[in-house]
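Presented below is the structure to which this report refers.
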Amino acid sequence: MTRLSEFLLPTEREAPADAEALSHKLMVRAGLVRQVGAGLWTWLPAGWRTHQRAVQIIREEMDGAGAQEMLMPLMQPAELWQRTGRYGIDELLKLRDRREAELVLAMTHEEVVTTHATQLIRSYRDLPKVLYQFQVKERDEPRPRAGVLRTREFVMKDAYSFDRDAESLNATYEQLGAAYDRIFDRCGIEWYRAKADVGSMGGHGSDEYMAPCGAGENDVVVTPGYVANIEVASADPQPVVLPAALTEPQSVSTPGLTTVEDVSAALELPAGALLKAYPVVLSAGDEFVLVMVRGDHRISEVKLRIALGGFRAAEPAEIERRLGPPGFIGPVGAQMRIVLDRGVAVDAGGYLVGANRPDTHLHGVVPGRDFNFELADVREVMLGDTIGGTAIRIEAAIEVGNIFKLGTRYSEPMGATYLDQNGVSQLIWMGSYGIGPARIAAAAVEQFADQQGISWPRAIAPFDVHLVTLGKPQSEERELSERLYRELEAAGMRVLYDDRDAGPGEKFADAELLGVPLRATVGRRTLASGEVELQIRRGQQGSSVAVADAAASIAAAWQSVP
RNA sequence: CGGGGCGUGGCGCAGCCUGGUAGCGCGCCUGCUUUGGGAGCAGGAGGUCCCCGGUUCGAAUCCGGGCGCCCCGACCA
């Protein structure tokens with residue numbers, strides 16, 4: 001029974017002044033959520049209905065994939081996190097209880113679930129297993145933002161898989177990936193499965209489920225058949241026309257010209273005819289490495305880390321000592337390991353590079369002849385790049401879920417092993433799989449909203465039909481509306497009945513703001529024509545159904561709504 | 001962590017520079033009218049002006065400190 005006269009739906013005419021993201025503005029205006037503090041949000045009844053509908057879809061598909069739901073505590077002993085080496089994470093919220101015991105509020109549950117696995121999984125016969133929960137996650141975010149999109153506390157569906165070996169993990173991973181595909185399809189949002197970075201904690205593979213939308217914090221690179229987070233994406237660069245190679249490098253005077261822009265402008269060369277030098281120091285062994293990319297390209301820190309392992313940018317003093325004045329450094333004569341990005345065409349002509357001398361560059365330089373190098377893909381892709389001849393698109397997106405092959409990252413420090421068929425102790429191979437229902441809701445708002453407000457996919461809408469009555473209390477229209485309300489509920493519809501004593505404009509505006517997929521209107525016209533007016537929120541197409549079997553017609557119409 | 005901005009009834013804002021009875025719109029309450037696109041008239045309720053300290057006869061306003069919130073960037077296991 002949901003009568004708007006009794007339901008808490010505090011709609012607002014104006015968005016909060018500080019709201020920027022569309023979903024932030026609309027979710028507050030539509031009365032779905034309210035802010036408590038930075039990155040801390042209350043879900044009001046209508047918003048929570050949507051959240052829980054997403055949760056239910058996830059639950060059904062996880063169960064369908066053989067996963068088992070459980071619940072683990074949010075508050076955990078710090079000791080578990082010290083054991084896996086994650087206690088130092090800045091985003092991890094630490095606290096002490098009255099006895100000064102060190103605790104954390106968990107950001108994920110690998111430590112706890114692996115502790116249980118250690119105790120409860122003993123034999124190869126106990127594997128594989130997938131466990132999951134819907135539980136609050138806490139993150140001490142440096143900067144919460146965009147309403148419900150990046151918060152300090154949020155509900156996450158987190159699942160953990162346990163397998164005998166890498167091969168079995170791969171199978172589980174794909175099985176859960178298929179469940180994820182179904183979940184996001186069923187939720188009615190647009191999504192991509194994007195190749196992703198495994199992060200600095202290592203791992204054996206990861207995909208991110210990305211919902212393209214204006215408020216997206218991530219960029220995904222998209223071509224038919226290829227989607228990747230821009231952090232790890234690879235593509236073919238646009239070719240550049242290079243000056244001819246010289247028989248040997250020649251000095252060019254470039255006084256004070258330390259940037260690619262300055263040099264290319266002064267020498268009338270395309271930026272792509274320059275090679276940019278990026279000196280780094282590896283975390284392992286303090287080795288000095290010179291990374292070279294085309295002048296019009298950018299280093300991708302993530303891809304470089306994947307190629308080299310951990311590193312830091314070299315300090316100016318180190319650069320001066322090892323190479324030459326910053327701004328004029330280059331690979332020719334450099335006594336060190338040189339990594340050349342794959343985007344640099346090696347036999348296409350002569351490049352311009354820093355000469356390792358003040359105010360000087362070198363012309364006509366040929367990689368391989370003038371310096372030795374190893375190739376690696378370390379640049380960030382950019383618009384204009386192609387994959388298989390097709391131009392890439394770069395789209396902003398929010399991460400609504402991820403799947404991750406952990407391998408033995410947690411089973412090893414936690415000692416999670418099993419006995420195989422030969423009685424030999426083996427490490428359990430794990431995976432982790434997250435989904436943020438709040439982000440699904442926000443992504444849906446972002447993707448389908450129009451000038452009037454939200455337009456929910458029917459699968460996660462707070463209600464199926466928004467019944468608007470225009471009659472005054474005690475009127476004949478009211479009587480008809482009440483009857484239709486009962487009939488719709490009897491037909492299994494989730495009905496929001498706007499029985500408030502308010503004007504039509506206000507009721508219609510609120511209905512459009514809230515974005516329930518169908519709106520049925522009963523008013524004077526209904527009495528005159530014997531027809532109930534029906535409007536599909538997405539596209540706002542109107543139609544009429546006969547009063548006599550209105551409930552059945554509306555239930556049928558709902559089936560064909562997006 | 002760097003840069004910028006903002007804290008005044010539920011929401012959106014003005015007032016602050018130049019100190020002197022705290023205002024506007026929306027919302028809310030009561031009554032009457034109105035009822036197919038945020039309606040009208042009349043009456044009314046509601047504010048520690050973020051907090052602490054200072055200057056002053058007097059502080060929303062000036063000064064100092066703190067807290068909170070937002071945006072851009074960095075970060076985001």
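Everything numeric in this text was worked out from a predicted model, so none of it was measured. These values consider heavy atoms only, across backbone and side chains, with no hydrogens, waters or symmetry-generated copies.
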>> If I pick the P atom on B:rC41 and the same atom on B:rU34, what distance separates them, to the nearest angstrom?
In response: 15 Å

> Rounding to a whole Å, what distance do you find between A:Leu93:CG and B:rA77:C1'?
Replying inline: 16 Å

>> Applying a 4.0 Å non-hydrogen cut-off, can you work out what A:Glu512 is touching in the nucleic acid: base, sugar-phosphate, or nothing?
In response: base

>> Is it the case that over 12 heavy atoms from other parts of the model lie below 6.0 angstrom from the CD atom of A:Glu91?
In response: yes

> Base, sugar-phosphate, or nothing for A:Pro10, non-hydrogen atoms under 4.0 angstrom?
Replying inline: nothing

> Using 30° and 60° as the class limits, which term best fits the ring planes of A:Tyr209 and A:Trp191: parallel, tilted or perpendicular?
Replying inline: tilted

> Which is true for A:Asp510 with a 4.0 Å heavy-atom rule: it touches a base, it touches only sugar-phosphate, or it touches nothing?
Replying inline: base

>> Going by purine N1 to pyrimidine N3 plus the second Watson-Crick contact, or the G-U wobble pair, all under 3.5 Å, which nucleotide sits opposite B:rC1?
In response: B:rG73

> How far, in whole Å, is B:rG44 from B:rG7 if one measures between their P atoms?
Replying inline: 31 Å

> Roughly how many Å is it from CG in A:Leu40 to P in B:rC69, rounded to a whole number?
Replying inline: 8 Å

>> Checking base pairs now: Watson-Crick or wobble, both atom distances under 3.5 Å. What partners B:rG31?
In response: B:rC41

> Should B:rG68 form a Watson-Crick or G-U wobble pair with both distances under 3.5 Å, which nucleotide is its partner?
Replying inline: B:rC6

>> What's the closest nucleotide to the side chain of A:Arg143 if the choices are B:rC69, B:rG73, B:rG37?
In response: B:rG73

>> On RNA chain B, does the nearest nucleotide to A:Gln535 precede the nearest nucleotide to A:Pro144 from the 5' side, or the other way round? Give the residue.
In response: A:Gln535

> Is it true that A:Glu110 and A:Arg409 have a side-chain N and a carboxylate O under 4.0 angstrom from each other?
Replying inline: no

> When you match A:Glu231 and A:Leu513 each to their closest nucleotide on RNA chain B, which lands nearer the 5' end?
Replying inline: A:Leu513

>> Partner lookup for B:rG23, please. Criteria are Watson-Crick or G-U wobble with both distances under 3.5 angstrom; report none if nothing qualifies.
In response: B:rC13

>> Need one value for A:Ala528: base, sugar-phosphate or nothing, where a base atom within 4.0 Å counts as base even if backbone is also close, heavy atoms only.
In response: nothing

> Within a radius of less than 6.0 Å around CE of A:Met70, do more than 12 heavy atoms belonging to other residues, nucleotides or ligands occur?
Replying inline: yes

>> Looking at A:Arg145 and A:Glu20, is any side-chain nitrogen of the basic one under 4.0 Å from a carboxylate oxygen of the acidic one?
In response: no

> Does any nucleotide pair with B:rG47 by Watson-Crick or G-U wobble geometry, both distances under 3.5 Å, and what is it?
Replying inline: none

>> In this structure, how many angstroms lie between the P atom of B:rA77 and the CD1 atom of A:Ile306, rounded?
In response: 13 Å

> Side chains of A:Leu534 and A:Val532: closer than 4.5 Å at any heavy-atom pair?
Replying inline: no

>> With a 4.0 Å limit, can you tell me whether A:Gln35 has a side-chain N or O closer than that to the phosphate oxygens OP1/OP2 of B:rC70?
In response: yes

Please list, for nucleotides 33-36 of chain B, all pairs of protein and nucleotide N/O atoms separated by less than 3.5 Å.
residue, atom, partner, partner atom, Å
B:rG36, OP2, A:Arg524, NH2, 2.2
B:rG36, O2', A:Arg525, NH2, 3.0
B:rG36, O6, A:Gly523, N, 3.4
B:rG36, N1, A:Glu533, OE1, 3.1
B:rG36, N2, A:Arg525, NH1, 3.1
B:rG36, N2, A:Glu533, OE1, 2.5
B:rG36, N2, A:Glu533, OE2, 2.3
B:rG36, N3, A:Arg525, NH1, 3.4

>> Categorize A:Ala38 for me: base, sugar-phosphate, or nothing, with a 4.0 angstrom heavy-atom threshold over every strand shown.
In response: sugar-phosphate

